[in-house]
Participant: 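Take this structure, written in structure tokens, and hold onto it; I'll ask about it next.
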Amino acid sequence: MNKFSASLMVAATLVASSTAIARPAPLVSIPTHDAFFDRIKAHCGKAYEGKVTVDNQGPSSFSEARLVMHVRRCNERELQVPFHVGKDASRTWIITKTGSGLSLKHDHRHKDGSDDASTMYGGHTVDAGFDTVQSFPADQYSKELFIAQEIPQSIGNTWQMFIYDDKFTYRLVREGREFRVDFDLTKPVKAPKAPWGYKD
């Protein structure tokens with residue numbers, strides 16, 4: 001073998017090695033998080049109507065408006081679920097696999113697509129949860145945002161999501177506060193237009 005051939009072989013070996021090293025790291029997860037994520041993902045493309053079933057602060061704009069969740073965009077790592085409140089399309093729930101659990105973020109936009117001052121707050125799982133239920137206590141970003149916005153009571157927020165065969169539930173709890181919306185998964189409705197800041 002001449003020097004040129006040997007150099008080509010070394011170069012090919014280095015390229016192959018660098019290709020192997022450059023592959024993305026695997027996305028690790030645990031069975032309960034995977035099952036919960038996949039249960040929601042199974043509804044991708046569908047929309048469902050819901051209603052407020054618990055609100056211990058009394059009637060609000062949520063009580064009077066038509067409430068629709070839309071499992072709009074799904075991939076192996078992220079679910080985007082807009083939550084339409086009447087004509088208000090400012091809210092999108094984003095559920096993400098992080099490698100250390102699941103994250104829930106609330107993406108809030110203005111009608112022109114710009115970010116609301118209160119956006120991307122949410123939490124992260126701290127335990128295994130269940131195939132049908134996951135809890136998201138407020139993360140540090142959210143706590144600091146709530147302090148800056150002078151709503152320190154929200155520091156104690158925990159968001160919960162429940163996904164059963166016939167019902168999806170979004171629930172917010174903290175000391176002295178409970179808010180819950182239940183969506184009927186047995187009756188799909190027409191999917192709404194893209195939420196503010198997103199495109200169809």
Side-chain angles (χ1 to χ4, degrees), residues 27-30 32-33 36-37 40 50-65 67-73 75 77-130 132-163 168-183 194-198:
L27 178 65
V28 296
S29 195
I30 63 173
T32 49
H33 293 161
F36 176 83
F37 187 95
I40 298 175
K51 62 180 179 180
V52 175
T53 52
V54 178
D55 187 349
N56 68 348
Q57 290 188 355
S60 67
S61 58
F62 287 85
S63 306
E64 304 301 324
L67 307 179
V68 176
M69 64 171 282
H70 178 201
V71 187
R72 183 172 176 271
R73 292 283 184 269
N75 60 38
R77 292 173 179 258
E78 182 180 282
L79 307 174
Q80 296 176 3
V81 185
F83 174 35
H84 296 258
V85 181
K87 295 181 179 180
D88 184 339
S90 64
R91 302 169 177 84
T92 300
W93 300 322
I94 300 177
I95 303 161
T96 307
K97 289 186 177 183
T98 67
S100 58
L102 296 173
S103 165
L104 168 65
K105 289 291 185 177
H106 298 74
D107 183 2
H108 282 202
R109 310 283 185 98
H110 295 292
K111 200 167 187 177
D112 65 1
S114 60
D115 293 333
D116 191 273
S118 179
T119 192
M120 297 310 286
Y121 62 84
H124 196 282
T125 55
V126 294
D127 56 25
F130 301 92
T132 54
V133 185
Q134 293 294 333
S135 297
F136 306 89
D139 58 25
Q140 192 60 37
Y141 166 80
S142 303
K143 292 176 181 180
E144 293 183 20
L145 178 67
F146 297 149
I147 289 291
Q149 294 182 332
E150 300 181 1
I151 48 172
Q153 66 272 22
S154 295
I155 288 174
N157 281 5
T158 294
W159 297 271
Q160 295 179 321
M161 288 182 166
F162 304 71
I163 175 77
F168 176 88
T169 295
Y170 169 88
R171 182 175 183 242
L172 164 66
V173 290
R174 63 171 180 262
E175 186 175 357
R177 178 71 172 124
E178 181 178 4
F179 175 79
R180 172 174 169 165
V181 182
D182 291 327
F183 297 87
W196 298 345
Y198 291 76

Participant: Arg171 and Gln160: side-chain donor and acceptor closer than 3.5 Å?
Facilitator: yes
Participant: Please check: side-chain N/O of His33 versus main-chain N/O of Asp127, any donor-acceptor pairing under 3.5 Å?
Facilitator: yes
Participant: Do the rings of Tyr170 and Phe179 sit parallel, tilted or perpendicular, given the 30° and 60° boundaries?
Facilitator: perpendicular
Participant: Hey, are Thr96 and Thr98 close enough side-chain-wise for a donor-acceptor pair under 3.5 Å?
Facilitator: no
Participant: Within this structure, what is the CG-NE2 distance for the pair Leu172 and His106, rounded to the nearest 0.5 Å?
Facilitator: 7.5 Å
Participant: What's the spacing between His84 NE2 and Ser90 OG if we round to 0.5 Å?
Facilitator: 9.5 Å
Participant: Any heavy-atom pair between the side chains of His110 and Trp196 that's under 4.5 Å?
Facilitator: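 Of all side-chain heavy-atom pairs linking His110 with Trp196, none is under 4.5 Å.
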Participant: What's the shortest heavy-atom distance between Asp55 and Ser60, and which atoms?
Facilitator: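 That closest heavy-atom pairing would be OD2-OG, 3.7 Å.
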Participant: Check Val68 against Phe183 and note the closest heavy-atom contact, atom names and distance.
Facilitator: C-CE2, 4.1 Å
Participant: What are the two closest heavy atoms between Gly129 and Thr32, and how far apart are they?
Facilitator: O-CG2, 3.9 Å
Participant: Are the side chain of Gln134 and the backbone N or O of Ala128 linked by a donor-acceptor pair below 3.5 Å?
Facilitator: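 Yes.
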Participant: Does the side chain of Arg73 reach to within under 4.5 Å of the side chain of Tyr198, using non-hydrogen atoms?
Facilitator: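 A side-chain contact is absent here, since even the closest heavy-atom pair is not under 4.5 Å.
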Participant: Over all heavy atoms of both residues, which pair between Thr92 and Pro195 is shortest? Give the atoms and the distance, please.
Facilitator: OG1-CG, 3.5 Å
Participant: Looking at side-chain heavy atoms only, is the closest gap between Thr132 and Phe162 below 4.5 Å?
Facilitator: no
Participant: Give me the atom names and distance for the closest heavy-atom approach of Ile155 to Ala138.
Facilitator: O-CB, 3.7 Å
Participant: Rounded to the nearest 0.5 Å, what separates atom CG in Asp88 from atom NZ in Lys111?
Facilitator: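 Going from the CG atom of Asp88 to the NZ atom of Lys111 covers 9.5 Å.
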Participant: Rounded to the nearest 0.5 Å, how far apart are CE of Met120 and NE2 of His108?
Facilitator: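 The CE atom of Met120 sits 10.5 Å away from the NE2 atom of His108.
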Participant: Judged by atom type as modelled, is there a donor-acceptor pair below 3.5 Å linking the side chain of Thr125 to the main-chain atoms of Leu102?
Facilitator: yes
Participant: I need the single residue from Trp93, Phe136, Phe146 that forms a ring-ring contact (aromatic ring centres under 6.0 Å, His included) with Tyr121. Which is it?
Facilitator: Phe146
Participant: Can you tell me if Arg177 has over 12 outside heavy atoms packed within less than 6.0 Å of its CZ?
Facilitator: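 Atom CZ in Arg177 is crowded, with more than 12 foreign heavy atoms closer than 6.0 Å.
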Participant: Surrounding CZ of Phe130 (heavy atoms of other residues, nucleotides or ligands, distance under 6.0 Å), is the total greater than 12?
Facilitator: no
Participant: Determine whether a donor-acceptor pair (N or O, by modelled atom type, separation under 3.5 Å) exists between the side chain of Glu64 and the backbone of Gly86.
Facilitator: no
Participant: At their closest point, which heavy atom of Lys105 faces which heavy atom of Ser142, and how far apart are they?
Facilitator: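 Looking at all heavy atoms of both residues, the shortest contact is NZ-OG, 4.4 Å.
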Participant: If you round to the nearest 0.5 Å, how far is CZ of Phe37 from CD1 of Ile163?
Facilitator: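 Ile163 atom CD1 to Phe37 atom CZ measures 12.5 Å (nearest 0.5 Å).
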Participant: Rounded to the nearest 0.5 Å, what separation is found between the NZ atom of Lys97 and the CZ atom of Phe36?
Facilitator: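 Those atoms lie 12.0 Å apart.
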Participant: Between Arg109 and Asp107, does the salt bridge (charged side-chain N to carboxylate O under 4.0 Å, His left out) criterion hold? Intermediate values first, please.
Facilitator: CA-CA 7 Å; Arg109 310 283 185 98; Asp107 183 2; 2.8 Å; yes
Participant: Less than 4.5 Å apart, side chain to side chain, heavy atoms only: is that true for Val181 and Thr169?
Facilitator: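 They are not in contact (no side-chain heavy atoms under 4.5 Å apart), so the answer is no.
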